[in-house]
Undergrad: 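First, the structure itself, so that you have it in front of you.
Predicted model, so just to flag it, every value in this text is computed and none were measured. Just so it is clear: chains get the letters A, B, ... in the order the sequence lines come, proteins before strands, and each one is counted from 1.
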Amino acid sequence: MLDIKFVRENTDKVKVIDAIKKRGVDASILDELLRIESERRTLLGVVESLRQRRNELSEEIGRLRRIGENNPTLLENAKTVSDEITQKEQHLRELESKAIQELLFMPNIPHKSVPLGKDDTGNLEIRRWREIPQFSFVPKNHWEIGESLGILDFERAGKIAGARFVLYKGPGAKLERALVNFMLDLHTNEFGYTEVFPPIIVNKEAMTGTGQLPKFEDDLFKISNDERDFFLIPTAEVPVTNIHRDEILNEEDLPIYYTAYTPCFRREAGSYGKDTKGLIRQHQFNKVELVKFVKPEDSYNELESLTTNAEEVLKRLELPYRVVALCTGDLGFSSAKTYDIEVWFSAQGKYREVSSCSNFEDFQSRRADIRFKRKGQKGTEFVHTLNGSGLAIGRTFAAILENFQQENGSVIIPEVLQPYMGINKITKK
RNA sequence: GGAGAGGUGGCCGAGCUGGUCGAAGGCAGCCGCCUGCUAAGCGGUUGUGGGGGUAAAACUUCACCCAGGGUUCGAAUCCCUGCCUCUCCGCCA
């Protein structure tokens, strides 16, 4: 969420309008907000002076009452003022909630270093690591490899749950688990992240805090039993960022680094026909997530190191990848800047996203009310939040199958995973 | 699922027969004084958010005693709803 004061004060200077346009969003959403906001502020002034008047009258009534006197006229006046307040407050509440509603639908402002562009064709490649592997045969898709090795079963998963689900079996299940453990170990042992395991069902407030709600409800699995709405998390970003919702942290607590393994659930509404086969786009998938809470002045350095931490996973797994800076038109709703890390898929012959590392600046912390206090200074500031996948397990699994496949259909296990697997190769039985 | 108790400032804890309560008292913190140093002691001070105001302050005003409604001229205090915590019983991985 943007700061209403910031929006108000920067509209004329075109900054906000400009930012919205760069994202390809219609800037007219601002007009309505500003109209409501100016009405709100005018009314607020009126209500506050009425309240002041009421307080004065009430105080006088109380004072008289204590010395045993009554003043019917005073009481009459107070009642009139009070009625007027009640009426105006009603209207004020409506304006407030409208203003917030509008604000909740406004995207974050891209950082000045974000490249301009309409869509993903405008993204900027930052760096590549490692040559893409060459094969003396035609490399197979990961789902073909997985099915023929008997470690992936899409058909039976369909029977159990439906399309876009998968059943991992034997060494496949173990490889999935090995990846989770390897990544968590790396981030906790070498990069200073604290491991957490959060609830994977969350409430509406948590989803609003990180920006999934209200705008993206269609992407979520919703659970509504009684009065309450719950949601399955689409990413650990949601529960982990919300750990500190409504808190005021101390300066010396920062930065805070968390890593979490969780399953993730996505409706994938609107992606019919896209990646219908394989592990790329599932309704349920595993992911290890990295989340940071930092001081504003550090957040862009922290984004670089977070991205580097995620990249290290691929380096150790010996998987070729590239890092891409998302352009303004491809940037996520809540993000001010995002690097995607894309791993090489041999059969598809292209790089595909395994991690998305973002700096949200104070967009999420403002929604979730996560602040900190500087030593010796009064008042509070919003922290900056960041997160990135470190990494998506299913897609990493798929990349391993495609890049380490052998002509005879077996798959070599990357060396760092071998201790976790107890084997160095998955072969057909 | 059934029965009860409760949610107050950074923490502990009064207030809860409605008015002088942003809220006693204690602790912690900060600033002075005192002291050979430390401790103790003494005095003062310390919340958050919004509006107005200022170059910035000062200043001023409104709101906030779990959350949201209500009663009332006036609510931390009374009523309703929700959420959360604790105790007991039942059930359960």
Undergrad: Go ahead and name the base partner of B:C30; Watson-Crick or wobble counts if both distances stay under 3.5 Å, otherwise write none.
TA: B:G44
Undergrad: Tell me, which pairs form a salt bridge (Lys or Arg N to Asp or Glu O under 4.0 Å) where one or both residues lie in residues 38-49 of chain A, sequence neighbours left out?
TA: A:R35-A:E39, A:E37-A:R40
Undergrad: Can you check the distance between B:G15 and B:U20, where both ends of the measurement are the C1' atom (answer in whole Å)?
TA: 14 Å
Undergrad: Under 4.0 Å between a side-chain N or O of A:R93 and OP1 or OP2 of B:G69?
TA: yes
Undergrad: Applying a 3.5 Å limit to both distances, which nucleotide forms a Watson-Crick or G-U wobble pair with B:C86?
TA: B:G4
Undergrad: Rounded to whole angstrom, note down the P distance from B:A76 over to B:C21.
TA: 12 Å
Undergrad: Rounding to a whole Å, what distance do you find between A:E94:CD and B:G68:P?
TA: 17 Å
Undergrad: Taking B:U61 as the reference, what is the distance to B:G53 when you measure between their P atoms (whole Å, please)?
TA: 16 Å
Undergrad: Return whichever of A:L75 or A:L44 has its heavy-atom-nearest nucleotide of RNA chain B closer to the 5' end.
TA: A:L44
Undergrad: Strictly below 4.0 Å, N to O, side chains only: are A:K295 and A:E381 in salt-bridge contact?
TA: no
Undergrad: On the ring face of A:F231, is A:K222 found with NZ or CZ under 6.0 Å from the centre and within 45° of the axis?
TA: no
Undergrad: State the pairing partner of B:G19; accept Watson-Crick or G-U wobble contacts with both distances under 3.5 Å, and report none otherwise.
TA: B:C73
Undergrad: Can you tell me if the side-chain N/O atoms of A:R8 get under 4.0 Å from OP1 or OP2 in B:G51?
TA: yes
Undergrad: In whole angstrom, give me the gap between the C1' atoms of B:G47 and B:G22.
TA: 9 Å
Undergrad: Distance check needed: B:G49 C1' versus A:R366 CZ, whole Å only.
TA: 13 Å
Undergrad: Give a yes/no answer on whether the side chain of A:T380 brings an N or O atom under 4.0 Å of OP1 or OP2 in B:G49.
TA: yes
Undergrad: Among B:C73, B:G51, B:U48, find the nucleotide with the atom closest to the side chain of A:E48.
TA: B:G51
Undergrad: Between B:G51 and B:U46, how many Å separate the two C1' atoms, rounded to a whole number?
TA: 24 Å
Undergrad: Quick one: which of A:F105, A:F360, A:F363 gives a ring pair (Phe, Tyr, Trp, His ring centres under 6.0 Å) with A:F333?
TA: A:F363
Undergrad: Distance between the P atoms of B:G82 and B:G43, in whole angstroms?
TA: 50 Å
Undergrad: Whether A:R51 contacts B:G74 is assessed here as follows: a side-chain N or O lying under 4.0 Å from the phosphate OP1 or OP2. Is that the case?
TA: no
Undergrad: Quick check: does any side chain N or O of A:T259 sit under 3.5 Å from a backbone N or O of A:E195, one acting as donor and the other as acceptor?
TA: no
Undergrad: P atom, B:G68 versus B:U8: distance in rounded Å?
TA: 16 Å
Undergrad: What is the pairing partner of B:G68, taking Watson-Crick or G-U wobble pairs with both distances under 3.5 Å in any strand?
TA: B:C80
Undergrad: For B:U35, which nucleotide is its Watson-Crick or G-U wobble mate, given both distances must be under 3.5 Å?
TA: none
Undergrad: Return the nearest nucleotide to the side chain of A:R41; candidates are B:G49, B:G47, B:G51.
TA: B:G51
Undergrad: From the options B:G50, B:U48, B:U20, select the nucleotide whose nearest atom is closest to the side chain of A:R66.
TA: B:U20
Undergrad: Output yes when A:R266 and A:E268 qualify as a salt bridge under the 4.0 Å nitrogen-oxygen rule, no when they do not.
TA: no
Undergrad: Counting side-chain heavy atoms from C-beta on, which of B:G51, B:C73, B:U48 comes nearest to A:K5?
TA: B:G51
Undergrad: What is the distance, to the nearest angstrom, from the CD atom on A:E69 to the C1' atom on B:C73?
TA: 17 Å
Undergrad: Using a cut-off of strictly less than 4.0 Å, decide whether A:N55 has a side-chain nitrogen or oxygen near OP1 or OP2 of B:C62.
TA: yes
Undergrad: Return the nearest nucleotide to the side chain of A:S82; candidates are B:C62, B:G74, B:G19.
TA: B:G74
Undergrad: Find which nucleotide of RNA chain B each of A:K373 and A:R65 is nearest to by heavy atoms, and output the residue with the more 5' nucleotide.
TA: A:R65
Undergrad: Is there a salt bridge (Lys or Arg N to Asp or Glu O under 4.0 Å) between A:R374 and A:E297 once you walk through the steps?
TA: CA-CA 13 Å; A:R374 288 190 200 269; A:E297 62 268 30; 3.1 Å; yes
Undergrad: Look through every strand shown and name the nucleotide pairing with B:G25 as Watson-Crick or G-U wobble, where both distances are under 3.5 Å.
TA: B:C12
Undergrad: Just how far, in rounded Å, is C1' of B:C62 from CZ of A:R40?
TA: 12 Å
